[in-house]
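Input: a single structure, listed below in structure tokens.
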Amino acid sequence: MTLQFDIRERPLVFESTLLYHANTPHLSGTRYSVVLYNKDMRWACDRAPQPKRTQPLSADTDIHYLDTSTVDTDENARSALLDALEQTTFYNDRCTNGNTHSKYPDLHHSKFISFGNTLCRKSRAHQASHGIANRQGVNPNNAKHPVLFEALCGYLNTFQPHLFGIDTSVFQYTSLIVTNNALCRFHLDNTNYGNACILALGDYTGGGELCIDVDRSNDELLLQA
């Protein structure tokens, strides 16, 4: 059972560490996808803990659009974000070891940029000396691309107050990735913590939906007592 969701400027929330997901190709134009997530910032953590499962996932699994019924998305904020995206250079995705990411079948066209918080590579002692009890660091792209970072915050927080920002005590999500025309294979976000929120925007036409394969998620993940 594969479910498809229209995420064009419709933020979808789902458990991306348990549900295999990918996107359909789009016909033409530029498709930006914004994925909001949180990282497990604990020390010596290579894989975030997954929720315990006691029964198979089904079509009734909690996959839902963010409730924006009481919000009028700011058109000026949307235009500012699109302008900033079009002026930004995107990069090839890289894993921690420097290799290209296997989830992208078309690495030539799949580009990305990340913002928010990131896993700091400084020592535990260094973090402690700065009053930080974990591996939380600030993504350098926040300062390298300040116009785009501000535009992302401005647009995303029109959907829901305190949806995205770097203060973990205030914001629901503190990390994000923006992809440019990325086509990804079915995958899990193994190193994320909790659910994810994803939406797309741009001048693209046809396709680009998010697919969630419930059957594969059940087949390849053993039920956890």
Side-chain angles (χ1 to χ4, degrees), residues 5-13 16 21 23-39 65-66 68 71-94 100-101 103-104 106-120 136-168 170-184 189 192 195-210:
F5 298 89
D6 177 10
I7 58 170
R8 186 164 189 150
E9 300 185 53
R10 300 186 66 192
L12 184 75
V13 177
S16 66
H21 55 284
N23 64 285
T24 65
H26 66 279
L27 294 180
S28 63
T30 301
R31 177 185 180 273
Y32 301 104
S33 178
V34 183
V35 185
L36 308 177
Y37 57 94
N38 292 306
K39 287 289 186 184
Y65 289 106
L66 202 66
T68 59
V71 177
D72 291 325
T73 304
D74 189 331
E75 184 61 30
N76 290 331
R78 176 182 177 276
S79 296
L81 176 55
L82 287 172
D83 288 344
L85 287 168
E86 291 169 5
Q87 297 300 317
T88 300
T89 299
F90 287 75
Y91 311 99
N92 289 327
D93 198 356
R94 291 287 187 271
T100 52
H101 207 299
K103 70 182 179 183
Y104 295 122
D106 185 0
L107 290 171
H108 178 68
H109 293 99
S110 296
K111 307 290 184 180
F112 96 114
I113 190 168
S114 60
F115 289 98
N117 290 330
T118 188
L119 291 173
C120 181
Q136 180 180 327
V138 177
N139 193 317
N141 285 331
N142 300 352
K144 186 177 180 180
H145 302 279
V147 174
L148 177 53
F149 181 59
E150 181 178 350
L152 282 163
C153 294
Y155 178 68
L156 293 170
N157 290 316
T158 64
F159 287 107
Q160 180 175 296
H162 310 302
L163 182 64
F164 172 75
I166 62 174
D167 187 338
T168 57
V170 174
F171 294 96
Q172 182 176 352
Y173 297 99
T174 60
S175 299
L176 69 75
I177 181 173
V178 185
T179 64
N180 182 332
N181 291 335
L183 180 62
C184 62
D189 296 331
N192 292 353
N195 59 31
C197 180
I198 182 170
L199 69 153
L201 68 163
D203 62 0
Y204 69 96
T205 61
E209 295 86 0
L210 181 76

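Numbers for residues simply follow the sequence, beginning at 1.
Every residue was checked against the salt bridge (charged side-chain N to carboxylate O under 4.0 Å, His left out) condition with Arg10, not counting sequence neighbours, and none meets it. The salt bridge (charged side-chain N to carboxylate O under 4.0 Å, His left out) test applied to Glu9 returns Arg78, not counting sequence neighbours. With sequence neighbours excluded, no residue forms a side chain to side chain donor-acceptor pair (under 3.5 Å) with Tyr32. In this structure Ala84 satisfies the side chain to side chain contact (heavy atoms under 4.5 Å, CB included) test together with Val147, Leu148, Ala151, sequence neighbours excluded. By the side chain to side chain donor-acceptor pair (under 3.5 Å) test, Thr24 is found to be paired with Glu209, residues two or more places apart in sequence or in another chain being considered. For Phe171, the ring-ring contact (aromatic ring centres under 6.0 Å, His included) partners are His162, not counting sequence neighbours. Annotation: ring-ring contact (aromatic ring centres under 6.0 Å, His included) contacts of Phe149 (sequence neighbours excluded): Phe115. By the ring-ring contact (aromatic ring centres under 6.0 Å, His included) test, Phe164 pairs with no residue at all, sequence neighbours left out. Considering only residues two or more places apart in sequence or on other chains, Asn76 meets the side chain to side chain contact (heavy atoms under 4.5 Å, CB included) condition with Asp74. Partners of Ser114 according to the side chain to side chain contact (heavy atoms under 4.5 Å, CB included) rule, which considers only residues two or more places apart in sequence or in another chain, are Phe112, Asn139, Asn141. For Gln87, there are no side chain to side chain donor-acceptor pair (under 3.5 Å) partners two or more places apart in sequence or in a different chain.
Closest heavy-atom contact between Gly116 and Asn142: N-OD1, 2.9 Å. Contact record, Asn180 with Phe90: ND2-CD1, 3.5 Å, taken as the closest heavy-atom pair.
Residues His21 and Leu210 meet the side-chain proximity criterion, which asks for heavy atoms closer than 4.5 Å. Side-chain atoms of Thr88 and Val178, non-hydrogen and from C-beta on, never get closer than 4.5 Å to each other. Counting heavy atoms from C-beta on, the side chains of Thr179 and Lys111 never come closer than 4.5 Å.
The backbone N or O of Thr118 lies less than 3.5 Å from no partner atom in the side chain of Ser175, so there is not a single donor-acceptor pair. When atom types are taken as modelled, the side chain of Arg31 and the backbone of Gly208 share a donor-acceptor pair closer than 3.5 angstrom. Under a 3.5 Å cut-off, the side chain of Asn157 and the backbone N or O of Leu163 do form a donor-acceptor pair.
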Donor-acceptor contacts, no H, no angles, side chain residues 198-206, under 3.5 Å, sequence neighbours left out:
unit_1	atom_1	unit_2	atom_2	d
Asp203	OD1	Thr30	N	2.7
Thr205	OG1	Ser28	OG	2.6

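Side chains of Asp6 and Tyr65: no donor on one and acceptor on the other come within 3.5 Å.
Under the side chain to side chain contact (heavy atoms under 4.5 Å, CB included) test applied with Asn195, the options Asn38, Val13, Leu36, Asp189 reduce to a single match, Val13. Of the candidates Ile166, Thr174, Thr168, Asp167, Asp167 is the only one forming a side chain to side chain contact (heavy atoms under 4.5 Å, CB included) with Val170.
For CD of Glu150, the number of neighbouring non-hydrogen atoms (other residues, nucleotides, ligands) closer than 6.0 Å is 12 at most.
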